[in-house]
Amino acid sequence: MMSTTVQALPGVFPLHADKTFISESEWVIFKLLCRPIESFADDDAEALSQATGNQVSVERCDELIRIVQIHRLSGLGSWISRLLAQAGADEKQVRVDSAESLMQRVNDKAGYCICNEATVHALTNLQLQWKGEAA
């Protein structure tokens, strides 16, 4: 409930938004392997890459795994999950690192301000929500 209110703040990045984060060629490879994207969360990057015949690099598989793991956190869509993973974050860091430092990593990776103070506030509130869910 709290995240809905926060998402309504002006200028906040749409943390809940979903966008495709896998290329069409990757989608075909994983579809042929009968591997739904959601199943990557528990995978090992090297094994996943090998399963593709090394058509998808270990580095890219690691990123895909982290995207799926981050996306599992309630209130986060695939769009911000992809940006966080591309900035080098993993699911644990998203849960425990300061929202300000995480959003700064995203902005630094992009080279411009994608996430502002309203986004930091929204992520901080989601982190508090996750702590409550874990308790």
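What you see is a predicted model; the values in this text were computed from it and never measured.
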Is there a side chain to side chain contact (heavy atoms under 4.5 Å, CB included) between Thr119 and Leu123 once you walk through the steps? CA-CA 6 Å; Thr119 308; Leu123 183 57; 5.6 Å; no

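- To the nearest 0.5 angstrom, Leu76 atom CG is 7.0 Å from Leu84 atom CG.
- Within 6.0 Å of atom CD in Glu63, more than 12 heavy atoms from other residues, nucleotides or ligands are found, so the atom counts as buried in its surroundings.
- When hydrophobic clusters are built by joining Ile, Leu, Val, Met, Phe, Trp and Tyr residues whose side-chain heavy atoms come closer than 4.5 Å, directly or via intermediates, Leu33 is not grouped with Val58.
- Summarising the geometry, atom CD belonging to Gln55 is positioned 9.5 Å from atom OG belonging to Ser49; distances are rounded to the nearest 0.5 Å.
- Here the shortest heavy-atom pairing between Val68 and Glu38 reads CG1-O, 3.7 Å.
- In this structure, a donor-acceptor pair under 3.5 Å is absent between the side chains of Ser78 and Ser81.
- Residues passing the side-chain contact (heavy atoms from CB on, under 4.5 Å) test with Arg95 are Leu73, Glu91, Lys92, Trp130, sequence neighbours excluded.
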Hey, mind stepping through Asp62 and Glu59 against side chain to side chain contact (heavy atoms under 4.5 Å, CB included) and telling me if it holds? CA-CA 5 Å; Asp62 177 63; Glu59 295 78 18; 5.7 Å; no

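- Rounding to the nearest 0.5 Å gives a distance of 9.5 Å between CH2 of Trp27 and CD1 of Ile37.
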What do the steps show when you test Gln129 against Asn125 for side-chain hydrogen bond (donor to acceptor under 3.5 Å, both in side chains), and what is the final call? CA-CA 6 Å; Gln129 179 182 318; Asn125 283 334; over 6 Å; no

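- Here Glu117 contributes atom CD and Met103 contributes atom CE; the two are 11.5 Å apart, rounded to the nearest 0.5 Å.
- Among the candidates Asp42, Leu48, Asp44, the single residue satisfying the side-chain contact (heavy atoms from CB on, under 4.5 Å) test with Ile65 is Leu48.
- The side-chain contact (heavy atoms from CB on, under 4.5 Å) test applied to Ala87 returns Arg105, Val106, Lys109, not counting sequence neighbours.
- In this structure, Tyr112 and Asn107 have side chains that are not in contact, with every pair of non-hydrogen atoms separated by 4.5 Å or more.
- Trp79 is not listed as a side-chain neighbour of Phe21, based on a closest heavy-atom distance of 4.5 Å or more.
- Shown here for Ala89 and Leu102, the closest heavy-atom pair between the two residues is CB-CD2, 4.2 Å.
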Please test Gln127 against Val96 for side chain to side chain contact (heavy atoms under 4.5 Å, CB included), starting from the C-alpha separation and ending with a verdict. CA-CA 7 Å; Gln127 289 174 322; Val96 300; over 6 Å; no

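- Listed here is the closest heavy atom pair of Val120 and Ala99: O-CB, 3.5 Å.
- A heavy-atom distance below 4.5 Å is found between the side chains of Asp43 and Arg35.
- Residue Ala85 comes nearest to Ile67 through the heavy atom pair CB-CG1, 3.5 Å, listed as atom of the first residue, atom of the second, then distance.
- Taking CZ from Arg72 and CD1 from Ile70, the interatomic distance works out to 12.0 Å, rounded to the nearest 0.5 Å.
- Summarising the geometry, atom CG belonging to Leu126 is positioned 10.0 Å from atom NE2 belonging to His121; distances are rounded to the nearest 0.5 Å.
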Could you check Cys115 against Ile80 for side chain to side chain contact (heavy atoms under 4.5 Å, CB included), going step by step and ending with a plain yes or no? CA-CA 10 Å; Cys115 303; Ile80 193 66; 4.1 Å; yes

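- Judged purely by distance below 3.5 Å, without hydrogens or angles, the side chains of Gln50 and Asn54 never pair a donor atom with an acceptor atom.
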